[in-house]
Amino acid sequence: MDEQTHEHVRELIASVPAGRVATYGDIAALAGLSTPRLVGRVLKEDGFDLPWHRILPATGVPAAHLRTEQLERLRAEGVLAEGSRVDMRRYRWQP
DNA sequence: CGAATGACGTCTA
DNA sequence: GTAGACGCCATTC
């Protein structure tokens, strides 16, 4: 993965406003990536200083190891979850 | 150096 | 709601 794309992904994630969320697929498409999983990788490797909690899977249910903390952070921003699922239709960020 | 593996997903049936 | 296939790339063996 080249540096530019990596930075581009970081910029896009950083541009998601508080109180809104985006899917991995959204970020991948905007960054021109061929697969959404690369977004997840960028977050894992270099996402500690980004609002990673605003990035969710298309289903609205975060992966198990993140579920608790992510939903809690979102709730603090006003993004409410129904059980473990965030209502994507309502909070999804659209440029 | 080549092959196998893991990973914060998505789409279609 | 579940099940399977597809996909990319860094890391490890």
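Below, chain A is the first sequence line, B the second, and so on; all start at residue 1.
Taking atom NZ of K44(A) as the reference point, atom C1' of dG6(B) lies 8 Å away to the nearest angstrom. For Y24(A) and dC11(B), the OH to P distance is 14 Å, given to the nearest whole Å. If you take CG of L56(A) and P of dT10(B), they are 9 Å apart, rounded to a whole angstrom. Distance R73(A) CZ to dC8(B) P: 16 Å, rounded to the nearest Å. Here the C1' atom of nucleotide dC8(B) and the CD1 atom of I13(A) are 10 Å apart, to the nearest Å. With rounding to whole Å, R41(A) atom CZ is found 6 Å from dA10(C) atom P. Between E45(A) atom CD and dG6(B) atom P the separation is 16 Å, expressed in whole Å. Atom P of nucleotide dC8(B) and atom CG of L71(A) are separated by 17 Å, given to the nearest angstrom.
Of all nucleotides listed (dA7(B), dG1(C), dC9(C)), dC9(C) comes nearest to the side chain of L38(A). Nearest to the side chain of S34(A), among dG1(C), dC8(B), dC8(C), sits dC8(C). Nearest to the side-chain atoms of A63(A) among the listed nucleotides dC11(B), dC8(B), dC8(C) stands dC8(B).
Clustering ILVMFWY residues whenever any of their side-chain heavy atoms sit less than 4.5 angstrom apart, transitively, puts V79(A) in a cluster other than the one holding V16(A). No single ILVMFWY cluster, assembled from side-chain heavy atoms under 4.5 Å apart, contains both V61(A) and W52(A).
The gap from the P atom of dC8(B) to that of dA5(C) amounts to 22 Å, rounded to the nearest Å. Separation of the C1' atoms belonging to dA7(B) and dC6(C) is 15 Å when rounded to the nearest angstrom.
E69(A) places no side-chain N or O within 3.5 Å of a backbone atom of H53(A) that could act as its donor or acceptor partner. In this structure, R92(A) contributes its side chain and D26(A) its backbone to no donor-acceptor pair below 3.5 Å.
Note on P62(A): nothing from the nucleic acid sits closer than 4.0 angstrom, heavy atoms only.
In terms of heavy-atom proximity, M88(A) sits nearest to V21(A) at CE-CG2, 3.8 Å.
For dC8(B), there is no paired base (Watson-Crick or G-U wobble, both distances below 3.5 Å).
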